[in-house]
Amino acid sequence: MDRRQFLAAATAAYAASGITAVKPAGASAPRSDLAGVCDIHLHAAPDSKARSLSEYDMAQEAKAAGYRAVLFKSNDFSCHDRAYLLRQAVPGIELFGSIVLNRATGATLNTYAVEKALATTGNLCRTVWMPTLDAEYAVRTFKQNTPFIRVSDGNGKLLPETLHIMELCAQADVAFATGHSSPTESLLMAQAAHDMGFKKCIITHPNALIWKMSPAQLERAASLGAWIEFCYLGRFWGEDSAMPTYPRQSLQEATEILRVAPERTFITTDLGQVGMPRPVAGMRQARNELLKAGFSAACLKSMLSDTPAYLIGLEK
Ligand SMILES: [Zn+2]
């Protein structure tokens with residue numbers, strides 16, 4: 001299949017999926033450039049690292065900007081349970097949490113932690129992330145001298161626990177994210193999701209650093225029905241930022257990646273780090289510069305609102 005045939009097939013599959021039918025609930029809410037946005041990857045306090053704002057502040061800022069939803073991520077602790085309380089403090093916006101299977105949940109992949117997260121009051125755990133900071137691939141690549149958690153056997157086979165967690169997500173219709181697994185492992189997960197008919201496998205930021213995928217790998221992921229999370233954080237890194245050790249991703253590279261399979265791609269900020277732009281400001285910059293770069297308002301609505309809404313289970 002050549003690139004054009006692939007895109008045509010992917011577009012047809014997307015139309016057939018009915019995703020375009022998902023409309024923001026806030027159609028009658030005050031119009032804003034960020035109306036209907038769903039940012040489903042960002043970090044706020046309380047957390048095991050200092051953060052630039054609290055979940056409460058983020059909820060209020062997002063609501064004021066017209067967002068439809070926010071999904072919080074902590075690398076170590078649950079945030080789906082407190083989302084239940086946060087919703088009572090900040091009504092009028094969809095607030096969710098997630099669970100990341102780092103070492104705080106156990107020395108190996110803890111399927112029981114997933115079962116309990118998915119059973120928690122409110123059903124607000126809408127993404128299960130494979131290990132991130134404690135992922136084998138990340139720990140080995142960055143030569144950290146710390147214990148790690150495996151998701152595959154190192155010989156091209158996913159661990160049974162990885163597959164079991166994907167099955168739990170499929171049963172609960174909750175998104176499964178590849179975390180900081182290697183591109184090879186992430187493609188194995190996309191293949192496994194495809195084989196079991198699971199439709200919500202997210203490739204976590206394959207636009208960033210050691211997780212970067214080639215266009216061919218991105219096309220492969222999309223053709224397997226996986227979703228590509230483009231995290232905008234990389235556009236804010238760089239010498240003049242609070243995260244100077246990582247190079248800033250050029251707008252040109254960003255747009256090239258976003259154009260590989262836009263109908264399978266969505267944008268998150270992954271912001272919340274101290275000294276970095278606040279998530280709403282980051283999302284606004286993303287939208288503005290992509291509009292200038294030639295992405296249509298409809299395409300950005302798909303990547304900022306409709307696709308992430310679908311992934312976290314929001315109905316029209
Ligand atoms: Zn993150």
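Throughout, residue positions are numbered sequentially from 1 according to the sequence presented. First listed ligand is number 1; within each ligand, the first listed atom is number 1. The shown structure was predicted, so the numbers you read here are calculated from the model rather than taken from an experiment.
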ask   = For W237, is the NZ or CZ atom of R248 found under 6.0 angstrom from the centre of its six-membered ring and inside 45 degrees of the ring axis?
value = no
key: Side chain to side chain, E61 and Y67, heavy atoms closer than 4.5 Å   = no
request  = Answer yes or no for R287 and Y232: cation-pi contact, defined as NZ/CZ to six-membered ring centre under 6.0 Å and angle to ring axis within 45°.
outcome  = no
ask   = Is it true that the NZ or CZ of R87 lies under 6.0 Å from the centre of F96's six-membered ring and within 45 degrees of the ring axis?
value = yes
note = A correct count of protein N/O/S atoms found below 2.8 Å of the Zn ion (ligand 1) gives 3
Mind listing the side-chain donor-acceptor pairs of residues 123-130 below 3.5 Å, one per line with the distance, residues two or more places apart or on another chain?
| unit_1 | atom_1 | unit_2 | atom_2 | d |
| --- | --- | --- | --- | --- |
| R126 | NE | N123 | O | 2.7 |
| R126 | NH1 | I312 | O | 2.7 |
| R126 | NH2 | N123 | O | 3.1 |
| W129 | NE1 | S98 | OG | 3.0 |

message = V70 and side-chain contact (heavy atoms from CB on, under 4.5 Å): which single residue from L86, V90, L95 fits?
response = L95
